[in-house]
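Residue numbering restarts at 1 for every chain, and letters A, B, ... go by the order of the sequence lines. As the structure is a computational prediction, the values presented were derived from the model and not from experiment.
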Protein chains: 4
Amino acid sequence: MVIVSKKSSTVEQLAEITHKIEKLGLIAHVVKGHQQYTISVLGKTEKIQTSEFSMFPFVENVVRISKPFKLASILSNPDGSKIKVKNLVIGNSHVVVMAGPCSVESEDQTMRIARAVKAAGATVLRGGAFKPRSSPYSFQGMGLKGLEILKMASEETGLPVISEAMDLEGLKMMMDYVDIIQIGARNMQNFSLLKELGKIDKPIMLKRGMSATIEEWLMSAEYILAGGNRNVLLCERGIRTFDTQYSRNTLDLNAIPILKSLTHLPIVVDPSHGTGYRNLVAPMALAGMAAGGDALIIEVHDKPEEALSDGPQALLPTDFEVLMKQLVGMGDVLNRPVLKESTTKKAA
Amino acid sequence: MVIVSKKSSTVEQLAEITHKIEKLGLIAHVVKGHQQYTISVLGKTEKIQTSEFSMFPFVENVVRISKPFKLASILSNPDGSKIKVKNLVIGNSHVVVMAGPCSVESEDQTMRIARAVKAAGATVLRGGAFKPRSSPYSFQGMGLKGLEILKMASEETGLPVISEAMDLEGLKMMMDYVDIIQIGARNMQNFSLLKELGKIDKPIMLKRGMSATIEEWLMSAEYILAGGNRNVLLCERGIRTFDTQYSRNTLDLNAIPILKSLTHLPIVVDPSHGTGYRNLVAPMALAGMAAGGDALIIEVHDKPEEALSDGPQALLPTDFEVLMKQLVGMGDVLNRPVLKESTTKKAA
Amino acid sequence: MVIVSKKSSTVEQLAEITHKIEKLGLIAHVVKGHQQYTISVLGKTEKIQTSEFSMFPFVENVVRISKPFKLASILSNPDGSKIKVKNLVIGNSHVVVMAGPCSVESEDQTMRIARAVKAAGATVLRGGAFKPRSSPYSFQGMGLKGLEILKMASEETGLPVISEAMDLEGLKMMMDYVDIIQIGARNMQNFSLLKELGKIDKPIMLKRGMSATIEEWLMSAEYILAGGNRNVLLCERGIRTFDTQYSRNTLDLNAIPILKSLTHLPIVVDPSHGTGYRNLVAPMALAGMAAGGDALIIEVHDKPEEALSDGPQALLPTDFEVLMKQLVGMGDVLNRPVLKESTTKKAA
Amino acid sequence: MVIVSKKSSTVEQLAEITHKIEKLGLIAHVVKGHQQYTISVLGKTEKIQTSEFSMFPFVENVVRISKPFKLASILSNPDGSKIKVKNLVIGNSHVVVMAGPCSVESEDQTMRIARAVKAAGATVLRGGAFKPRSSPYSFQGMGLKGLEILKMASEETGLPVISEAMDLEGLKMMMDYVDIIQIGARNMQNFSLLKELGKIDKPIMLKRGMSATIEEWLMSAEYILAGGNRNVLLCERGIRTFDTQYSRNTLDLNAIPILKSLTHLPIVVDPSHGTGYRNLVAPMALAGMAAGGDALIIEVHDKPEEALSDGPQALLPTDFEVLMKQLVGMGDVLNRPVLKESTTKKAA
């Protein structure tokens, strides 16, 4: 951490800062410029907030040098985390494709789509039983019944299942039904929920908040990791920008190589929410894989016009099949092949 | 709602849409342009989502005409809501000033600051017992002990108290201690929590999410209103924009006259979080009042350099006193006087 | 400037940096942390770019301490600049109100509106002869004919005139016709034009780019100042954010107290473009003045439905009259009275 | 275009609107809802602005159905434009890679880098002679001397050259030296310059403004097209968002498939400016190609620590070589091969 004093600051004020630094068990190293002091703070500063010093009225600027996250840092696991989900691994040299409907709407609908995405090569099934909806008048998900349907689909197809938890009650319910807990963008800084997630041992897929910085996102992952759960996946799902006329969000693929340099946690890309429109999903899925994503999560629906949520962004099963072929081809060229079920079985 | 078809759309596709419109109990009125159909949907469309129609592949655009919120709409209460908090009212012709420390840190600290803000003219006391912090390693608030201290301060000064709830457990705890429940920006779309807030009868101050649109914000208020709790205050606390070098957030004062035209809910302005720096607070408090805010909420600390959270943005009691005098002067000129305790007592 | 090396950096790499620092005539002061070097750069660093050092592959971070602007800095003129425009001064203890139509559309229209805004108390007349329009098919302004009309209106009313220049050719044309040259948001970083503006001696009102940071804006002012023209006004006209449903831009009033702490240049607030809708203009004009603006610029049209540009945001003359009365009242309370023509005349 | 009236609007007001519609040579089709009128406007509405109607005080909303751009629209050339640059074509089934230094700094530097990028497989040479710099104190480019060097490099290597024009004077100078004129992000809405570009017949590469919407960008292209120059390339170079800690801009790859559905103009992706940091360039170049880009433009420097501009984002020639191999591999799999010089020659 580097602290810069204001031009007018006095020796007494400098002493106040160095005193505080020492009280925190750190070492202050002062450089006197022609008008200002620059104070380097040495020692374990990860858990110190910059505001500890910026609140002094005579401090102009405080700059963090070491990152505020520790367990999520690449330094704590330079080889990258490998997250085991049943008999497959995310964060490996393989790219994992998750697919399925936005919402579980009925047994029939879920079964049909689960079979279709499996046939096309997906190795994880997605589907929502609890739906965060901006309107209280929209379909809110099937709840427990939806979880039961997901489990049936998982058992029939052999695919592990990912589904979203919105609160503590739902989280408890899900423990027996799903293999990966998804935390949505709107709950990325629901700190009470993050603390609970730290206490369980299921993999968590933490979606990026709509306007969360990379650092805030990693700090939210840090909450889960610090609680004791080391199985965290990060999911880029589009950020909010000034232009929403032709896509609902802006899929931030810059985030992928940035995260690769900062953290060991595997990265999932969601081109469905990241764009919001069917015709953008395939190109952005390919781009997400090319940028280095460890997994993709894609919404598929065979009757999008009847979908109870997010129909406009769902791929048809036939479109998904075509996309899978392109992903497989690209994976071979990039030396990061798409994980196939047969590989999964062999690994098991 | 107006639906526009794609250029290539056929009569059969048009029939699919009009069929769906009628199934929803609405009336379709079709206008045939030289290349496209424009379909006006007449009837009660408030609770219909645009995605019901945009998911048809041959639909180009769906435009909502009536607002998606109903209970929050100005049409449901053109005179504006008046929210009663103990013996004062927010949403009246008076402007209410809430002030106090960011966090309750000790009995002594809270008492000192409570007395100071009362002396300067504040009529509501603020203070956090549960703190949403981006780092798991930061001070997380005193919890129940903090609530007890707040209640003591309230009893001594006679000021009603506002404090933040982060989850269901905290919410239950607060019912006996605080007069207004604050919901923070990060929980604005915590829909599970919003549903619980609809079931209680305490006033809720709902802060705007960091990148929430006006409409999303009103839809979150709609969750609480639809649940049965009609005592909702909206709090503008700064949005996230591209420039954070000199202020942590951008206080969006445009939102105030916009909200006045859309909703009957009273509006609180938070110039402390809305700027993040002490030297910006007073000018933006004045601006927030000039733009039409019904109340202000301002952080005050007498030893900001020892504050356990948000020290850099806290006003000193002496600065707050000066600001109060300016607000009072401006209120008289604008015909929206600052509420004084004597007025409160008289009203009681 | 403070440079932080990467964790793996070597003594040789450190020497490369210190060598470069010394070559630039600056002094390097190195602090060795337990893993990284922190190098304070002492001396005249205003004109050094951070990229001079960040381009070394073994540098992790470079932080500027002194500001990159010098002539625009508050340090170069702590009392604040007073910009003389004919017989009035902007940047004084008075608040100046500029008003008029968006575009000059005809002699009759301009005269009518000029008289109306003068009668209501405006002391500068605005009006566009060259219009930056996002569509090539929109009205592009009357050009030279428009300038002639503006001059006539100025002569009749005695009000000085502000109008926008879009290029070098237009700038030359304007020299004999207008008193303040306005540079629009889209040209804020038209560096070729900024260099030309540095060579003339007319006051320039530099609008903030739609997504320009405070620092970029001040650097654009620095271009003009460094060219030799010290008469620069800064105009906040709304920034682009994620929500444009109910206002075209977000008027960033935080910028006003921020600028007051950074620069001596007077600040103009444009609530017309800053909101885009008539019903938001008056509240935001009041807020802009309360936040500390030195001047306001407001669009007025007596037949907004016939306006050739920006009709939806123009105030009617009667609305403008009401607003002026409120501004005058507020100015008295805030000790920054609205400049009146009589005051102007006395000063002359 | 669809116009929606306010709830309170009268038959007389409705008549005012329909009268205006008819005066514009269009047809009004009115639908009366239970509270509001919806008016469909039929006819050639491309050149009509929504503000023509939104300025009526009794109009609530105006929605454009047909796009405001016409010549840039995919409808005007469904097969996509093929832009000829010397003996190569952009917009074909091949992907073109442009590479070179940010700035021309010396003959030696430019020659060395030109040879290196050619050897690695680039088929267009980039290099700046006029540099838009946010600080007036930064290196502003070599000007004419730089253009001469670029031409020498072009003649030796046989690669066509792209370079940026910032104003009319520079544009004239460039006509004899460069093969593609680049217009930078900051000049995307320099309408005076756009009009001049419409009068020449050289290909123009129009970069997206930092916060330009897709539609504004296409309208700027429309300026050039409407002026008579049909050789326009669009270049996505990163937009400004809320997070700039780890990348200077956010490369908006969603824009690529969106543009493919809206326009026939070829799309270039700039992963160098789109990220700002060397380590992000290769993954984002791959992603840009996977998302459907017709060309890439990449900064390469063999001594980035000595570069006079943008050193931190330049790839080393060896890194560029590795990237080219990956791009070639991916192109084969995606059926959009990277254009090779041999192909160029054969085509010539």
Side-chain angles (χ1 to χ4, degrees), chain C residues 16 20 46-49 51-52 54-57 59 68-70 130 132-138 140 166-170 185-195 198 209-212 215-216 219-220 222-223 225-227 239-240 242 278 301 304-307 309-314, chain D residues 16 20 46-49 51-52 54-57 59 68-70 130 132-138 140 166-170 185-195 198 209-213 215-216 219-220 222-223 225-227 239-240 242 278 304-307 309-314:
Chain C
E16 263 191 74
K20 176 149 190 182
E46 294 89 353
K47 298 185 181 180
I48 309 291
Q49 305 302 303
S51 57
E52 294 272 357
S54 59
M55 61 184 57
F56 285 102
V59 162
F69 45 88
K70 198 176 141 71
F130 301 99
R133 302 302 297 273
S134 52
S135 167
Y137 310 123
S138 297
Q140 310 270 324
M166 289 176 61
D167 51 35
L168 185 52
E169 196 191 338
R186 291 169 185 79
N187 276 320
M188 192 202 85
Q189 291 193 317
N190 181 339
F191 301 117
S192 303
L193 186 57
L194 296 179
K195 285 176 189 170
M210 228 161 339
S211 66
E215 205 156 292
E216 288 168 340
M219 290 309 290
S220 284
E222 188 85 5
Y223 261 94
L225 297 167
I239 55 173
R240 180 157 278 183
F242 53 84
R278 190 176 299 135
H301 203 295
E305 66 281 8
E306 293 179 6
S309 62
D310 283 345
Q313 76 196 23
Chain D
E16 264 192 72
K20 177 151 190 179
E46 295 89 352
K47 298 185 181 181
I48 308 291
Q49 305 301 302
S51 57
E52 293 272 358
S54 59
M55 59 183 59
F56 285 101
V59 162
F69 44 89
K70 199 175 140 70
F130 301 98
R133 303 303 297 273
S134 53
S135 169
Y137 311 122
S138 296
Q140 309 270 324
M166 288 175 61
D167 51 35
L168 185 53
E169 197 191 338
R186 290 169 187 79
N187 277 321
M188 191 202 85
Q189 291 193 318
N190 181 338
F191 301 116
S192 303
L193 187 56
L194 296 178
K195 285 177 189 170
M210 229 164 336
S211 66
T213 63
E215 205 157 290
E216 288 169 340
M219 290 309 291
S220 284
E222 187 85 5
Y223 260 95
L225 297 167
I239 55 172
R240 180 157 277 182
F242 55 83
R278 188 176 299 133
E305 66 281 6
E306 292 178 8
S309 63
D310 283 344
Q313 76 197 23

NZ (D:K70) with more than 12 external heavy atoms under 6.0 Å: no
C:K195, NZ: over 12 other non-hydrogen atoms inside 6.0 angstrom: yes
Contact leader toward chain D among C:G198, C:G209, C:S192, where contacts are heavy-atom pairs under 4.5 Å: C:S192
Pairs of heavy atoms under 4.5 Å with chain D: top-ranked of C:A307, C:S211, C:G311: C:S211
With a 4.5 angstrom heavy-atom cut-off, could you sort out which part of [X] is near chain D: side chain, backbone, both or neither?
X: C:Q49; value: side chain
X: C:A185; value: neither
X: C:R133; value: both
X: C:Q140; value: side chain

Spacing of [atom1] belonging to [X] relative to [atom2] belonging to [Y], to within rounding of 0.5 Å:
X: C:F191; Y: D:R186; atom1: CZ; atom2: CZ; result: 5.0 Å
X: C:R240; Y: D:E216; atom1: CZ; atom2: CD; result: 4.0 Å
X: C:S135; Y: D:E215; atom1: OG; atom2: CD; result: 10.0 Å
X: C:N190; Y: D:L193; atom1: CG; atom2: CG; result: 8.0 Å

Atom group of D:A314 that falls short of 4.5 Å from chain C, counting heavy atoms: neither
Which atom of D:A226 lies closest to which atom of C:Y137, heavy atoms considered: CB-OH, 4.1 Å
Stepwise side-chain contact (heavy atoms from CB on, under 4.5 Å) check, C:S134 with D:Q189: CA-CA 7 Å; C:S134 52; D:Q189 291 193 318; 4.2 Å; yes
